[in-house]
Amino acid sequence: MPEPTNTPIEGEAKPQAPAPETKPQTPEAKPPVDVSAIDLEELKKLNPSVAKALLDAEEIKTKLNKYEKDQEASDRKKKEEEGKWQELANDNDAKRQEAETRLGEVQKKLDKFSGTIETILKEVEKTIPDDKKALIP
């Protein structure tokens, strides 16, 4: 009996070796970053344009504050030269009242926070065993 050969018969398709698998030559794509969930400091590290914009914004804010102070000093000096002492006194009184209002608001917030902390500490103290309470300063 003749030995079988792997030679194709005329008219029959030749068997082909499977093609090697190739991956497309694309660079590794990083998943998109959700910038809404990132802190500005982190975003500053990721994007130099953001860092520059934040620096520019800080400079503008500083210049604006300086301009406002200079303008206020200039207005005050002008009023002093014109002898408008009553207006100066009214301005000082308005500033004092504004400061007292802010102080009152801050004091209320501080009282709320103090009350909250005391409430939390009392609840935590209930969970501490009696024999361990002597260790608390």
Side-chain angles (χ1 to χ4, degrees):
M1 178 172 225
E3 285 189 34
T5 61
N6 288 337
T7 56
I9 303 175
E10 274 185 53
E12 192 176 303
K14 295 181 181 180
Q16 295 184 358
E21 291 184 30
T22 58
K23 294 183 179 178
Q25 297 288 337
T26 58
E28 293 282 329
K30 294 181 180 177
V33 178
D34 182 14
V35 293
S36 64
I38 296 179
D39 180 53
L40 276 180
E41 293 299 318
E42 289 295 319
L43 195 56
K44 215 164 59 172
K45 293 175 186 173
L46 292 174
N47 190 338
S49 298
V50 172
K52 184 177 180 339
L54 289 173
L55 184 62
D56 291 346
E58 190 65 33
E59 286 178 19
I60 290 170
K61 189 176 182 181
T62 303
K63 287 179 182 178
L64 179 63
N65 287 340
K66 184 181 182 309
Y67 173 77
E68 288 174 347
K69 286 180 181 180
D70 290 345
Q71 189 67 31
E72 187 177 315
S74 172
D75 289 345
R76 182 174 180 84
K77 186 174 181 180
K78 189 175 183 180
K79 285 180 182 180
E80 285 175 359
E81 289 173 356
E82 294 173 358
K84 297 182 178 178
W85 300 106
Q86 186 62 39
E87 286 183 30
L88 289 171
N90 291 341
D91 290 346
N92 286 340
D93 191 43
K95 286 180 186 177
R96 182 188 53 78
Q97 287 177 350
E98 182 181 329
E100 286 176 355
T101 303
R102 283 189 299 192
L103 179 63
E105 291 171 357
V106 170
Q107 188 64 41
K108 286 179 185 176
K109 286 181 183 179
L110 181 62
D111 291 342
K112 284 182 182 179
F113 288 136
S114 296
T116 303
I117 290 173
E118 284 184 29
T119 304
I120 292 171
L121 287 176
K122 286 179 183 176
E123 290 299 316
V124 169
E125 187 180 21
K126 290 178 184 177
T127 64
I128 299 173
D130 290 334
D131 59 332
K132 303 290 184 185
K133 286 184 181 180
L135 300 174
I136 298 173

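Both backbone and side-chain heavy atoms feed into the values below; hydrogens, waters and symmetry mates do not.
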* Structure fact -> Sorted by chain and residue number, the side chain to side chain contact (heavy atoms under 4.5 Å, CB included) partners of P48 (sequence neighbours excluded) come out as none
* To do: Write out all pairs satisfying side-chain hydrogen bond (donor to acceptor under 3.5 Å, both in side chains) with one or both partners inside residues 115-128, taking only residues at least two apart or from two chains.
  => E123-K126
* Asked: Got a sec, which residues hit side-chain hydrogen bond (donor to acceptor under 3.5 Å, both in side chains) with E41, two or more places apart in sequence or on another chain?
  -> K44
* To do: Go through the structure and list residues passing side chain to side chain contact (heavy atoms under 4.5 Å, CB included) with E105, not counting sequence neighbours.
  => T101
* Asked: Taking only residues two or more places apart in sequence or in another chain, which ones pass side-chain hydrogen bond (donor to acceptor under 3.5 Å, both in side chains) with K52?
  -> D56
* E68: side chain to side chain contact (heavy atoms under 4.5 Å, CB included) partners, not counting sequence neighbours -> L64, N65
* E81 and K78 ion-paired at < 4.0 Å -> no
* salt bridge (charged side-chain N to carboxylate O under 4.0 Å, His left out) against K95, all qualifying residues, sequence neighbours excluded -> E72
* To do: Mind checking salt bridge (charged side-chain N to carboxylate O under 4.0 Å, His left out) for D130 and listing every partner two or more places apart, or none if nothing turns up?
  => K133
Anything under 3.5 Å between a donor and an acceptor, one on a side chain of residues 87-94, the other on a protein residue two or more places apart or in another chain? List them.
unit_1	atom_1	unit_2	atom_2	d
N90	OD1	Q86	NE2	3.3
N90	ND2	Q86	O	3.4
D91	OD2	K79	NZ	2.9
N92	OD1	R76	NH1	3.4
D93	OD1	R96	NE	3.4
D93	OD1	R96	NH2	2.4

* Decide salt bridge (charged side-chain N to carboxylate O under 4.0 Å, His left out) for K45 and E42; before the verdict, give the C-alpha distance in whole Å, the side-chain angles of both, and the deciding distance to 0.1 Å. => CA-CA 5 Å; K45 293 175 186 173; E42 289 295 319; 3.7 Å; yes
* To do: List for me each residue that meets salt bridge (charged side-chain N to carboxylate O under 4.0 Å, His left out) alongside E58, sequence neighbours excluded, and say none if there are none.
  => none
* To do: Answer yes if L54 and L46 sit in the same cluster of Ile, Leu, Val, Met, Phe, Trp and Tyr residues linked by side chain heavy atoms under 4.5 Å apart, and no otherwise.
  => yes
Kindly list each side-chain donor-acceptor pair under 3.5 angstrom involving residues 107-115, sequence neighbours excluded, with atom names and distances?
unit_1	atom_1	unit_2	atom_2	d
Q107	NE2	D111	OD1	3.3
S114	OG	L110	O	2.9

